[in-house]
Amino acid sequence: MAKDIWIGDVQNGDYDGQEVELKGWIKRTRGSNKIRFVVLRDSTGTIQCVAKRDVVGDDAFEAVASALIESSLIVRGTVNVDERSEGGHELVVSGVEIVGPVDPERPFPITESAMKAADGGETEFLLDNRHLYLRTSRMTTMLKMRSSVFGAIHSYFRDLDFVEYQAPNFVAGAVEGGSTLFEVPYFGRKAYLTQSWQLYAEAAMPALERLYTIAPSFRAEKSRTRRHLTEFWHAEMEIAWATNDEVMNHGEGVVRHIASTLLDERSEELQSLGRDLELIGRYADSPFPRMRYDEAIEILQAKGVDVEWGQDLDYSKEKILTQDFDVPHFLTHYPKIAKPFYHRVDPEDDKYVLCHDLLAPEGYGEIIGGGERTWSEQEILARLEEEGTPKEAYQFYIDTRSYGGVPHGGFGLGVDRVCSWLSGADHIREVIPFPRDSRRVTP
RNA sequence: GCCGAUUUAGCUUAGCUGGUGGAGCGUGGGACUGUUAAUCCCAAGGUCGUGGGUUCGAGCCCCACAAUCGGCGCCA
């Protein structure tokens, strides 16, 4: 029953002149009462199948003629090289079996008009029918790109002997501000969905020294932007004995490795999305410049932007700043008052913390946030006090500093944001199969 | 949380100054032996988001609500 012939291989010329059996779904049909053209789709590509009435017989011909888009079929025939067929190959059909028919009362709803209106973006209708939209060529392309991005992150860290490590998704305390926590009932108590793997990773840092994960994080932000999801995939790393600069080296390393992996594995997909391969090549090959927060403020002020020292840089300002960037840039050394307690204060100037954000070009904004962690027990207690954060929820975290605290750091990378940026998507929703935002948890 | 916009057939849309809502795709029927989103002919399919108001008369004007979309704040 398993299939062993893939349409992509047929289009590559692996079966020219041979008798084959193809399994797939109807993408489109056309023809007359004597000859029918069925464009068959599988996960690897499409091919035109030609059924002639006098060859296949009346019954099979009528079956093909009445089969609607997205019916599943098994088609037997001979592979023919023919310029008239898209892809250069076609199947001259000798026999057909309709496996899963489509009811004419309920034809496949994702029509050309629905796709055309979306024009690569998303409409309410397509989001409501996401389970069916997944099998269109644009979504298939996005999902293949996404798979390569995940694979590249794993291979980057594993090749450097990082250990993959899992943290719980039910947690008791916040990493970011408490207002963005999803509260869930937990046997009469309250628990929250995790916002980050970080605090639990820091607990394992003395055991594993180099660790990473790719896992979902949850943030109850009512953000209505093309960069936000409430459930997003978070690639995080934590490394012992490392400085802010050394952590940044890994951030740069993994992002460049993702870009070069996409060029290796998905150049066809990149091109079908209209991406310039030279541009992606530049992301893979160029070093990412590093700029201190103060420098960014000066640049913005010189451009006439109304911004004061001490403010966190919001997206509208990031956007102005990144306009002139042709590769991602790191922003480092933010003012202490703009960042939470776990960022280590710069020993050379206590107005700053040793942190970094990586800003993607082309208007895609922040894709990495990270830095060196506050690692001594005294410092972390002082920072919590300064912030007015109650220390009870973080007792286990403070404990990790009491027994052999060492300098360390890490970062979190928004995997969906990276997918969105590198594929040139109009919206982050386009790169995840079932997007979750403040207005949508279905389908 | 704030600001702005949209809602007409399964989908995508047109709709003039307020005077009996048109089309393309899809579906069904018919014609056609090489089509590329095939083409040609025909048909079915609409209480115009919901509720109220103004008017002799509302898809169109007013109010409320809802859903959706875009942007901001916050972040990955």
Side-chain angles (χ1 to χ4, degrees), chain A residues 27-39 46 48-55 61 66 68-70 80 82-87 90 92 102-119 121-129 132-133 175-177 179-180 195-198 214-236 251 311-319 338-340 357-360 364-370 411-421 426-429 437-440:
Chain A
K27 184 184 165 80
R28 190 165 292 128
T29 66
R30 48 186 172 255
S32 69
N33 65 343
K34 300 276 172 53
I35 183 168
R36 297 291 307 177
F37 301 94
V38 174
V39 180
T46 61
Q48 172 167 282
C49 304
V50 187
K52 295 177 181 173
R53 188 188 283 275
D54 56 10
V55 174
F61 189 86
S66 65
L68 297 187
I69 286 174
E70 288 304 316
N80 191 27
D82 195 317
E83 281 181 0
R84 291 173 296 184
S85 177
E86 200 177 313
E90 65 179 16
V92 181
V102 171
D103 181 357
E105 296 283 316
R106 296 188 301 118
F108 192 67
I110 315 292
T111 58
E112 291 289 341
S113 54
M115 296 285 291
K116 188 178 162 192
D119 192 28
E122 311 271 324
T123 60
E124 182 184 7
F125 178 76
L126 291 178
L127 288 164
D128 286 342
N129 288 280
L132 302 176
Y133 184 42
V175 178
E176 310 292 339
S179 60
T180 62
Q195 298 174 305
S196 168
W197 160 97
Q198 180 194 325
I214 307 179
S217 284
F218 306 88
R219 300 205 181 156
E221 292 161 352
K222 286 187 180 167
S223 310
R224 300 192 47 73
T225 79
R226 57 189 63 194
R227 307 178 307 284
H228 283 84
L229 295 167
T230 52
E231 176 181 349
F232 68 97
W233 285 80
H234 210 174
E236 297 183 85
Q311 282 183 316
D312 208 350
L313 292 181
D314 58 49
Y315 178 67
S316 61
K317 298 183 184 72
E318 278 178 7
K319 204 171 172 181
K339 292 286 176 181
D357 286 353
L358 182 64
L359 307 182
Y364 284 89
E366 190 178 336
I367 52 176
I368 280 180
F411 66 77
L413 173 148
V415 182
D416 317 278
R417 281 191 182 176
V418 169
C419 292
S420 185
W421 161 51
D426 291 331
H427 199 294
I428 197 167
R429 277 193 303 245
D437 62 34
S438 61
R439 305 250 176 129
R440 183 176 288 278

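Chain A is the first sequence line, chain B the second, and so forth, proteins listed ahead of strands; every chain is numbered from 1.
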Checking N1-N3 plus N6-O4 or O6-N4 for Watson-Crick, or N1-O2 and O6-N3 for wobble, each under 3.5 Å, the partner of B/G18 is none
Could you tell me the Watson-Crick or G-U partner of B/A58, where both distances fall under 3.5 Å? Say none if there is no partner.
none
Taking B/A9 as the reference, what is the distance to B/A43 when you measure between their C1' atoms (whole Å, please)?
15 Å
So does A/Thr225 reach the base of B/G73 with its side chain, donor to acceptor, closer than 3.5 Å?
no
Given the C1' atoms of B/U55 and B/U13, what is the spacing between them in whole Å?
29 Å
Heavy atoms under 4.0 Å, any strand shown: does A/Arg227 hit a base, just sugar-phosphate, or nothing?
base
Contact class for A/Asp314 (heavy atom, under 4.0 Å): base, sugar-phosphate, or nothing?
sugar-phosphate
Now, which nucleotide makes the Watson-Crick or G-U wobble pair with B/U35, with each of the two distances under 3.5 Å?
none
Specify the closest pair of heavy atoms between A/Ile368 and A/Gly251, including all atoms of both residues, with the distance to one decimal.
CD1-CA, 3.8 Å
P atom, B/G51 versus B/A58: distance in rounded Å?
15 Å
What integer distance in Å separates A/Arg224:CZ from B/A67:P?
12 Å
Watson-Crick or G-U counterpart of B/G73, or none if no pair lies under 3.5 Å
none
Taking B/C60 as the reference, what is the distance to B/G22 when you measure between their C1' atoms (whole Å, please)?
16 Å
When rounded to the nearest Å, what value does the distance between P atoms of B/C48 and B/G30 take?
34 Å
Testing B/G34, B/G73, B/C72 for proximity to the side chain of A/Ile35, the answer is B/G34
Report yes if at least one side-chain N or O of A/Asn33 is closer than 4.0 Å to OP1 or OP2 of B/U33; otherwise report no.
yes
In whole angstrom, what separates A/Glu86's CD from B/A37's P?
7 Å
Worked verdict on A/Thr180 versus A/Gln195 for side-chain hydrogen bond (donor to acceptor under 3.5 Å, both in side chains)
CA-CA 8 Å; A/Thr180 62; A/Gln195 298 174 305; 2.6 Å; yes
Closest to side chain of A/Arg30, choosing from B/U35, B/G70, B/A76:
B/U35
For atom P, what is the distance between B/G59 and B/G49, given to the nearest Å?
10 Å
Classify the nucleic acid contact of A/Arg226 as base, sugar-phosphate or nothing, counting any heavy atom under 4.0 Å across all strands shown.
sugar-phosphate
For A/Gly414 and for A/Asp437, find the nucleotide of RNA chain B with the closest heavy atom, then tell me which residue's nucleotide is more 5'.
A/Asp437
Would you call A/Arg440-A/Asp128 a salt bridge at under 4.0 Å N-O?
yes
Please report the distance separating the C1' of B/A37 from the corresponding atom of B/G26, rounded so that it comes out in whole Å.
12 Å
Classify the nucleic acid contact of A/Asp416 as base, sugar-phosphate or nothing, counting any heavy atom under 4.0 Å across all strands shown.
nothing
Once you apply a heavy-atom cut-off of 4.0 Å, does A/Thr46 come out as touching a base, just sugar-phosphate, or nothing?
nothing
If we ignore hydrogens and angles and just use 3.5 Å, is the side chain of A/Ser223 paired with the main-chain N or O of A/Thr225 as donor and acceptor?
no
Nearest-angstrom distance from the residue atom NZ of A/Lys222 to P of B/G70:
18 Å
With a cut-off of less than 4.0 Å, is there a side-chain N or O of A/Ser32 near OP1 or OP2 of B/G34?
no
Consider the side chain of A/Glu366, meaning its heavy atoms from C-beta on, and name the nucleotide among B/G34, B/A76, B/C75 that approaches it most closely.
B/A76
Pairing check on B/C40: which nucleotide meets the Watson-Crick or G-U wobble criteria with it, both distances under 3.5 Å?
B/G30
Check whether the side chain of A/Arg417 and the base of B/C75 form a donor-acceptor pair under 3.5 Å.
yes
So A/Phe125, base contact, sugar-phosphate only, or nothing? Heavy-atom distance under 4.0 Å.
sugar-phosphate
Could you tell me the separation between the NE2 atom of A/His228 and the P atom of B/G1, rounded to a whole number of Å?
16 Å
Could you state the CZ-C1' distance from A/Phe218 to B/A76, rounded to the nearest angstrom?
14 Å
G-U wobble or Watson-Crick pairing nucleotide for B/G24 (cut-off 3.5 Å, both distances)
B/C11
Can you tell which of B/U33, B/G1, B/C69 lies closest to the side chain of A/Lys34?
B/U33
A/Pro104 and A/Leu68: which non-hydrogen atoms are nearest, and at how many Å?
CA-CD1, 3.5 Å
CG of A/Asp312 versus P of B/C72: gap in Å, rounded?
16 Å
Minimum heavy-atom separation for A/Gly369 to A/Asp357, with atom names?
CA-OD1, 3.7 Å
Among B/U35, B/G71, B/C75, which is the nearest nucleotide to the side chain of A/Arg84?
B/U35
Look at all strands and tell whether A/Phe411 reaches a base, only sugar-phosphate, or nothing, counting heavy atoms closer than 4.0 Å.
nothing
Which of B/C74, B/U68, B/G73 is nearest the side chain of A/Ser316? It is B/G73
A/Lys317 NZ - B/C75 P separation (whole Å):
12 Å
What's the gap between B/U39 and B/G34 when it is taken at their P atoms, as a whole Å value?
15 Å
What's A/Gly31 touching, base or sugar-phosphate or nothing? Going by heavy atoms closer than 4.0 Å.
base
Do A/Glu90 and B/G34 share a donor-acceptor pair, side chain to base, under 3.5 Å?
yes
Shortest non-hydrogen contact from A/Arg227 to A/Ile428?
O-CD1, 3.5 Å
Base of B/A76 and ring of A/Phe232 stacked, centres under 5.5 Å, planes under 30°
yes
Just name whichever nucleotide pairs with B/A67, Watson-Crick or G-U, keeping both distances under 3.5 Å, else none.
B/U6
side-chain hydrogen bond (donor to acceptor under 3.5 Å, both in side chains) between A/Arg30 and A/Gln48, worked out
CA-CA 10 Å; A/Arg30 48 186 172 255; A/Gln48 172 167 282; 3.0 Å; yes
What verdict does the side-chain hydrogen bond (donor to acceptor under 3.5 Å, both in side chains) test give for A/Glu236 and A/Ser196, after you've listed the backbone C-alpha separation in whole Å, the side-chain angles of each residue and the deciding distance to 0.1 Å?
CA-CA 8 Å; A/Glu236 297 183 85; A/Ser196 168; 2.6 Å; yes
Here the pair of heavy atoms bringing A/Ile35 nearest to A/Lys52 is CD1-CE, 4.0 Å
Students often get this wrong, so: under 4.0 angstrom with heavy atoms, is A/Arg440 touching a base, only sugar-phosphate, or nothing?
nothing
Grab the N/O contacts between the protein and nucleotides 25-29 of chain B below 3.5 Å, and write none if there aren't any.
| residue | atom | partner | partner atom | Å |
| --- | --- | --- | --- | --- |
| B/U27 | O2' | A/Pro104 | O | 3.4 |

Gap between atoms OH and P, on A/Tyr315 and B/G73 respectively (whole Å):
10 Å
State plainly whether the residues A/Asp437 and A/Arg226 are in salt-bridge range, i.e. N to O under 4.0 Å.
no
Nearest 0.5 Å please: distance from the CG atom of A/Leu132 over to the CZ atom of A/Phe108.
5.0 Å
Under 4.0 Å between any heavy atoms, over every strand shown, what does A/Leu229 touch: base, sugar-phosphate, or nothing? Just pick one.
base
